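As the structure is a computational prediction, the values presented were derived from the model and not from experiment. Every chain is numbered from 1, with letters handed out A, B, ... down the list of sequences.
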Amino acid sequence: MAKNLLIVESPAKAKTIEGYLGKDFLVKSSYGHIRDLVKTDDAIDTDNNFQQKYEVPADKKAIVSELKKLAKSAETVWLASDEDREGEAISWHLFETLGLKDENTKRIVFHEITKPAILKAIESPRKIDYNLVNAQQARRVLDRLVGFELSPVLWKKVKPSLSAGRVQSVAVRLIVEREREINRFEAEASYKVVAIFNTGKGKEQLKAELPQRFQTSAEAEQFLKDCVSANFKVGNLETKPSKRTPAAPFTTSTLQQEASRKLGFSVARTMQVAQRLYEAGRITYMRTDSVNLSDTALQAARAEITSAYGDHYHKQRQYRTKSAGAQEAHEAIRPTYFNEHSIEGDNSERRLYELIWKRSIASQMSEAEFEKTTAKINVSTRSEDFVATGEVLKFDGFLKVYMESTDDEDQEGFDDADSDNKLLPPLSVGQDLQLKNMQATERFSRASARFTEASLVKKLEELGIGRPSTYAPTISTIQNRGYVVKEDRDGKERIYEVISLENGLVSSVKKTEITGAERSKLFPTDIGVLVNDFLVQHFKDIVDYNFTATVEKEFDEIAQGYKEWTDMLSNFYGPFHSEVQDTLENADRATHERELGVDPVSGKPISVRVGRFGPLVQIGSADDEEKPRFASLRKGQMIETITFEEALDLFNLPKKVGAFEEKEMTVAIGRFGPYIRHNSSFYSLPKGVDPLDVTEEQAIEIIVEKRQKDKDKIIRVFEENDEARIENGRWGPFVRFGKQNLKIPKGTEVENISYADVLKWAEEDSKGSTGKKTTRATKTTKAAKPAARAKKK
DNA sequence: CAGTGAGCGAGCTTCCGCTTGACTT
């Protein structure tokens with residue numbers, strides 16, 4: 001039996017450390033927290049100093065009993081969980097749950113997994129820091145109280161199964177408020193003037209822009225007219241050196257942002273792939289808020305840069321963490337071995353690894369050096385000057401390996417690559433230039449961008465809300481609850497004007513562009529808006545953007561021993577609990593109802609509200625003799641912004657479009673989009689076809705095509721039973737047997753499948769499915785959207 | 001799978017943070 005038992009949080013970490021410590025040490029993992037508050041309402045006794053009831057969750061029972069046994073026979077138990085609030089609490093829970101004794105338990109901490117760091121930690125053990133533990137308990141209890149008192153208020157006043165919490169509710173609020181900001185936004189037009197000159201020497205051209213913009217078409221046109229007979233001269237030339245420095249190595253949040261921008265990964269995907277890289281020993285821990293690199297890493301990076309690129313490409317840098325509330329229990333995310341520029345693995349693993357490798361290496365490289373030249377061009381007939389800029393790269397430095405992306409490329413509407421960093425042609429002050437052409441293009445100001453998953457994480461981190469381990473789950477939660485959807489939306493056409501001056505003539509044309517198209521952006525749903533407004537109205541303090549920052553300050557004071565954790569909680573809970581009671585008693589049910597006007601046909605009122613199955617339009621009221629008419633809102637429409645006309649249009653469906661094979665065809669919109677119904681079969685409309693415009697011919701064509709496709713899907717129908725067939729599915733061939741879908745075992749040739757095989761598989765499937773099906777069912781319920789869940793009932 | 005839109009009121013839902021599996025359909 002080993003003399004020493006050392007417990008860390010992650011099994012991959014345990015494996016690494018075991019290698020450093022030799023055979024006197026047995027290194028085990030706790031797999032994170034081993035205890036949590038019981039799920040019931042008696043978890044916290046609010047009348048009795050917030051005393052907590054903990055339990056070991058079912059999935060942790062095995063590990064706890066194993067650790068208990070090992071701890072008993074060990075001479076010394078080393079608690080080596082992370083050096084932060086949660087880590088300290090994990091050590092405390094271990095101490096309590098495993099029944100450890102003070103005299104042979106040692107608490108050690110290190111924030112990088114390197115041999116020297118571990119050995120040093122072992123030399124300076126300490127005791128559990130109960131102030132830090134108390135700070136964690138305060139955090140845990142506050143989150144439970146907020147979550148488990150607010151959520152039931154929503155069940156009563158809005159809809160069952162909803163949730164609210166310190167983190168998720170603020171995340172939703174950010175999205176709702178951004179959406180409103182965009183809705184309120186009115187684009188302002190202005191005219192940007194760009195000119196192209198011939199330099200006279202050779203054929204080189206010079207592109208220059210007017211720094212100021214014109215507000216009206218008339219002003220822009222006047223400017224161009226004034227330029228018809230003008231002379232153009234280089235008035236001023238300036239050359240300045242400039243530098244760019246590399247970005248800090250990755251934290252969880254910045255990794256999610258860059259993987260989203262450069263690789264198109266969702267935050268969940270990034271974390272899954274990073275987890276695999278971590279477990280394979282390729283990268284350091286992926287849930288971190290630190291930009292720090294260990295000395296070992298700094299040296300390895302230097303060695304790699306010097307040998308691969310040369311001495312002058314290396315510059316050692318230590319970065320400072322900027323984000324609020326950072327706890328820095330780990331290193332930045334970096335490759336374990338800097339000399340491996342790329343790795344084996346699947347496509348996503350290779351790409352993410354390379355991103356991490358490049359970013360980390362670049363962070364230890366020299367600045368890139370540029371020379372920026374600015375030329376001013378005078379116009380003889382006007383006071384304004386054109387400006388041409390050129391940038392030459394003098395030394396690439398870190399740009400040799402890595403270039404950070406930004407979210408808001410094209411923020412000001414420069415949709416052409418006009419600020420291309422190019423060398424200017426040779427110029428001299430006073431030199432005459434010949435105008436080739438000039439264009440004044442109408443451009444529009446832009447609203448703030450909608451959030452992507454990754455840019456929302458960035459914002460949350462800036463506000464100090466959430467932790468590296470919860471960013472991805474939070475983003476999933478607000479989508480699973482139906483508060484937010486990640487979607488693409490089509491843009492709208494917009495007309496803009498281009499005024500040109502060429503060959504002494506000024507002319508104007510109208511052009512069209514697409515504006516407002518979105519890809520994978522977060523949009524609030526009506527239920528998200530409704531819940532947010534309810535929370536803002538009744539629990540302003542909790543959903544305040546500064547709430548977390550404020551309580552974090554108090555947690556820090558507790559951690560430093562300046563404040564009692566129970567005092568802090570009493571001060572918070574008293575007023576909060578009364579708010580909850582007051583809201584339960586007095587607040588109205590929230591439906592977000594809005595009157596739109598009066599139906600011109602029936603004279604009845606038209607209103608929109610959130611109903612049992614989502615947002616709807618209603619003509620008439622429930623009190624009328626005649627039942628009201630209903631229609632669901634369509635994707636992209638919201639209660640807040642739908643117009644009277646759009647609402648009326650929704651009643652144009654379902655609509656008859658004619659007949660086919662003596663049966664009527666109707667077009668309508670269902671949960672899966674627009675469809676044609678014919679002879680009790682359903683045919684989806686292809687994208688881009690407006691259901692209101694579908695003609696009889698088009699409808700027939702769609703039906704015929706779908707039938708052919710279905711026919712092609714069937715590979716074989718068994719003679720013995722036409723309910724048994726082999727079909728081509730999304731994941732290759734499978735067997736459809738009545739209502740059962742059966743997998744074809746690997747290695748089986750499709751031609752060789754007999755009816756007996758099918759019967760055998762069907763038997764096995766129904767036998768094995770009893771246990772399996774239940775887990776599957778709970779899973780779908782969890783992930784299912786509210787509408788689908790309601791239906792299940 | 002492609003509807004529905006009132007409500008008897010059972011029994012359920014829910015938080016944030018720390019970790020990894022067993023699932024993909």
Problem set entry | Within 45° cone and under 6.0 Å: Arg166(A) NZ/CZ vs Phe547(A) ring | no
For this session: Would you indicate which nucleotide in dT20(B), dG17(B), dC15(B) comes nearest to any side-chain atom of Phe148(A)?
Result: dC15(B)
Exercise. Is the shortest side-chain N/O distance from Arg166(A) to OP1 or OP2 of dT14(B) below 4.0 Å?
Worked result: no
Problem set entry | Shortest side-chain distance from Trp155(A), nucleotide among dA6(B), dT13(B), dC18(B) | dT13(B)
Exercise. So which nucleotide from dT14(B), dT20(B), dC15(B) ends up closest to the side chain of Arg144(A)?
Worked result: dC15(B)
Exercise. Atom NE2 of His577(A) to atom P of dC15(B): distance rounded to whole Å?
Worked result: 20 Å
Exercise. Parallel, tilted or perpendicular: which fits the ring planes of Tyr573(A) and Phe50(A), with parallel below 30° and perpendicular above 60°?
Worked result: perpendicular
Exercise. Any donor and acceptor pair, going by atom type alone, linking the side chain of Glu112(A) with main-chain N or O of Phe110(A) inside 3.5 Å?
Worked result: no
Problem set entry | Base dC16(B) to side chain Arg139(A), donor-acceptor N/O within 3.5 Å cut-off | yes
For this session: Return the value, rounded to whole Å, for the distance between atom NZ of Lys60(A) and atom P of dT20(B).
Result: 10 Å
Exercise. Val146(A) near the nucleic acid: base, sugar-phosphate alone, or nothing, with a heavy-atom cut-off under 4.0 Å?
Worked result: nothing
For this session: Could you work out which one of dT20(B), dT19(B), dT14(B) sits closest to the side chain of Met286(A)?
Result: dT20(B)
Exercise. Heavy atoms under 4.0 Å, any strand shown: does Pro11(A) hit a base, just sugar-phosphate, or nothing?
Worked result: sugar-phosphate
Exercise. Going by atom types only, do His577(A) and Glu149(A) share a side-chain donor-acceptor pair under 3.5 Å?
Worked result: yes
Exercise. Of the candidate nucleotides dT20(B), dG17(B), dT14(B), which contains the atom at the shortest distance from the side chain of Gln275(A)?
Worked result: dT20(B)
Exercise. Of all the nucleotides listed (dT13(B), dT19(B), dG17(B)), which has the minimum atom distance to the side chain of Pro160(A)?
Worked result: dT13(B)
For this session: Rounded off to whole Å, could you give me the CZ-to-P distance for the Arg35(A) and dT19(B) pair?
Result: 18 Å
Problem set entry | dG11(B) to dG7(B) separation - P atoms, rounded to the nearest Å | 22 Å
Exercise. OP1 or OP2 of dC18(B) less than 4.0 angstrom from a side-chain nitrogen or oxygen of Ser469(A), does that happen here?
Worked result: yes
For this session: Select base, sugar-phosphate, or nothing to describe what Glu279(A) touches, counting heavy atoms under 4.0 Å on all strands.
Result: sugar-phosphate
For this session: Return the nearest nucleotide to the side chain of Tyr278(A); candidates are dT20(B), dC18(B), dT14(B).
Result: dT20(B)
For this session: Round to a whole Å and report the spacing from OH of Tyr471(A) to P of dT19(B).
Result: 13 Å
Problem set entry | Integer angstrom distance from the P of dT20(B) to that of dT24(B) | 22 Å
Problem set entry | Distance below 4.0 Å between Arg287(A) side-chain N/O and dT19(B) OP1 or OP2 | yes
For this session: Please state how far atom CD in Glu552(A) lies from atom P in dC16(B), giving the value in whole angstrom units.
Result: 14 Å
Exercise. Rounded to the Å, how far apart are Asp289(A) CG and dC18(B) C1'?
Worked result: 14 Å
Exercise. Heavy atoms under 4.0 Å, any strand shown: does Leu142(A) hit a base, just sugar-phosphate, or nothing?
Worked result: nothing
Exercise. dA2(B) phosphate, OP1 or OP2: any side-chain N/O from Tyr683(A) under 4.0 angstrom?
Worked result: no
Seminar exercise, completed: Sorted by position of nearest nucleotide on DNA chain B, 5' first, the leading residue of Gly466(A) and Glu149(A) is Glu149(A)
Problem set entry | Selection from dG5(B), dC18(B), dT14(B) that lies nearest to any side-chain heavy atom of Lys627(A) | dG5(B)
Exercise. Please give, in whole Å, the distance from dC18(B) P to Arg85(A) CZ?
Worked result: 8 Å
For this session: For Gln168(A) and for Arg467(A), locate the closest nucleotide of DNA chain B by heavy-atom distance; then report the residue assigned to the nucleotide nearer the 5' terminus.
Result: Gln168(A)
For this session: Assess Arg35(A) against Trp92(A): is NZ or CZ under 6.0 Å from the centre of the six-membered ring, and within 45 degrees of the ring's axis?
Result: yes
Exercise. Parallel, tilted or perpendicular: which describes the rings of Phe576(A) and Phe572(A), with under 30° parallel and over 60° perpendicular?
Worked result: parallel
Exercise. Under 4.0 angstrom, heavy atoms only, what part of the nucleic acid is Thr470(A) near: base, sugar-phosphate, or nothing?
Worked result: base
Exercise. Does a side-chain N-to-carboxylate-O contact under 4.0 Å join Lys53(A) and Asp45(A)?
Worked result: no
Seminar exercise, completed: Of the listed dT13(B), dG21(B), dC18(B), the closest approach to the Tyr31(A) side chain comes from dG21(B)
Problem set entry | Rounded distance (Å) that lies between atom P of dT24(B) and atom CG of Asp346(A) | 19 Å
For this session: Check every strand shown and say whether Ser632(A) touches a base, only sugar-phosphate, or nothing at a heavy-atom separation below 4.0 Å.
Result: base
For this session: Name the closest nucleotide to the Ser684(A) side chain, picking from dA2(B), dC15(B), dT19(B).
Result: dA2(B)
Exercise. Which part of the nucleic acid, if any, lies within contact of Gly32(A), taking any heavy atom under 4.0 Å across all strands shown: a base, the sugar-phosphate backbone alone, or nothing?
Worked result: base
Problem set entry | dT13(B) OP1/OP2 closer than 4.0 Å to side-chain N/O of Ser163(A) | no
Problem set entry | Cation over ring face, Arg144(A) and Phe148(A), 6.0 Å, 45° | yes
Problem set entry | Sugar-phosphate, base or nothing in reach of Ala668(A), heavy atoms under 4.0 Å | nothing
